[in-house]
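For reference, positions follow the sequence shown, starting with 1.
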Amino acid sequence: MSPELLFRAANLFALVGWAVLIAGVLMQRDWLRDRLAGLYWPVVLSLAYVIAVAVGLSTNASGGFSSLPAVRQLFASDWALLGGWVHYLAFDLFVGTWIARETAHTDMSRFWLVPILPLTFLFGPAGFLLFQIVRIAFQRR
């Protein structure tokens with residue numbers, strides 16, 4: 001199987017995971033939100049990550065983490081690049097689920113998830129940052 005095909009499959013799989021997360025939030029089903037979207041989906045993506053990285057390392061990929069040029073060289077391999085991308089997909093979904101869970105536990109309005117979850121899906125740390133800002137503002141009230 002090619003890295004390009006796995007890239008497409010991982011993207012689709014992650015998108016379905018986000019749909020499951022949103023369904024869990026809207027229907028107030030903790031098992032959809034926490035177990036499926038928050039645990040099982042990221043575990044499968046993590047497995048795909050491990051496989052992509054293992055294949056990437058076995059192809060004698062060079063580079064490393066000691067400098068920006070070394071990281072650029074490391075991600076010159078399509079398999080390593082795929083591994084990096086799936087890493088983002090897994091962690092962004094995990095963080096999105098954590099945000100949804102925290103929103104429910106703090107009795108914040110689910111309305112706040114409307115801008116936060118898409119931002120987390122597209123730009124992970126930016127969504128996490130927005131959630132922290134909103135949560136701090138909510139706690140001060």
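Each salt bridge (charged side-chain N to carboxylate O under 4.0 Å, His left out) pair with one or both residues in residues 109-137, not counting sequence neighbours, appears once here: E102-R135. Each side chain to side chain donor-acceptor pair (under 3.5 Å) pair with one or both residues in residues 111-122, not counting sequence neighbours, would appear here, but there are none. Sorted by first and then second residue, the pairs that involve residues 9-32 and meet salt bridge (charged side-chain N to carboxylate O under 4.0 Å, His left out), not counting sequence neighbours, are D30-R33.
The neighbour count for F94 CZ, taken as heavy atoms of other residues, nucleotides or ligands under 6.0 Å away, does not exceed 12. Around atom CZ of F138, more than 12 heavy atoms belonging to other residues, nucleotides or ligands sit under 6.0 Å away.
Closest heavy-atom contact between I116 and F131: CD1-CA, 3.8 Å. Closest non-hydrogen pair, D78 versus P3, comes out as CB-CG, 3.9 Å. The two residues A100 and V25 make their nearest non-hydrogen contact at CB-CG2, 3.7 Å. Across A10 and L89, no two heavy atoms sit closer than the pair O-CD1, 3.7 Å.
Residues passing the salt bridge (charged side-chain N to carboxylate O under 4.0 Å, His left out) test with D34, sequence neighbours excluded: R101. For F123, the side-chain contact (heavy atoms from CB on, under 4.5 Å) criterion is met by L119, A126, not counting sequence neighbours. Annotation: salt bridge (charged side-chain N to carboxylate O under 4.0 Å, His left out) contacts of R8 (sequence neighbours excluded): E4. Residues satisfying the side-chain contact (heavy atoms from CB on, under 4.5 Å) criterion with F65, sequence neighbours excluded, are V71, L74. Residues satisfying the side-chain hydrogen bond (donor to acceptor under 3.5 Å, both in side chains) criterion with W85, sequence neighbours excluded, are N11. Looking at residues two or more places apart in sequence or on another chain, you find no side-chain contact (heavy atoms from CB on, under 4.5 Å) involving A137. The side-chain contact (heavy atoms from CB on, under 4.5 Å) search around A19 returns none, not counting sequence neighbours.
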Result block: side-chain N/O donor-acceptor pairs under 3.5 angstrom for residues 38-50, not counting sequence neighbours:
residue, atom, partner, partner atom, Å
W41, NE1, F13, O, 2.7
S46, OG, P42, O, 2.7

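Using a 4.5 Å cut-off between side-chain heavy atoms of Ile, Leu, Val, Met, Phe, Trp and Tyr, with links allowed through other members, F128 and I133 fall into different hydrophobic clusters. Under a hydrophobic-cluster definition in which Ile, Leu, Val, Met, Phe, Trp and Tyr are linked whenever side-chain heavy atoms come within less than 4.5 Å, directly or via other members, I136 and L129 are assigned to different clusters. There is no path of hydrophobic side-chain contacts, each under 4.5 Å, that joins Y88 to L68. In terms of hydrophobic clustering, with Ile, Leu, Val, Met, Phe, Trp and Tyr side chains grouped at heavy-atom distances under 4.5 Å, L122 and L130 are assigned to a common cluster. Taken together through direct or relayed side-chain contacts under 4.5 Å among Ile, Leu, Val, Met, Phe, Trp and Tyr, F91 and L21 form parts of separate hydrophobic clusters.
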For this session: Give the C-alpha distance, both sets of side-chain angles, the deciding distance and a yes or no for side chain to side chain contact (heavy atoms under 4.5 Å, CB included) between L117 and W18.
Result: CA-CA 9 Å; L117 288 182; W18 279 93; 4.0 Å; yes
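Taken from CZ in F111 to CG in L113, the straight-line distance is 10.5 Å, to the nearest 0.5 Å.
Here the side chains of T103 and I99 are in contact, with some heavy-atom distance below 4.5 Å.
Taking a 4.5 Å side-chain heavy-atom cut-off between Ile, Leu, Val, Met, Phe, Trp and Tyr, the cluster of V114 contains only that residue.
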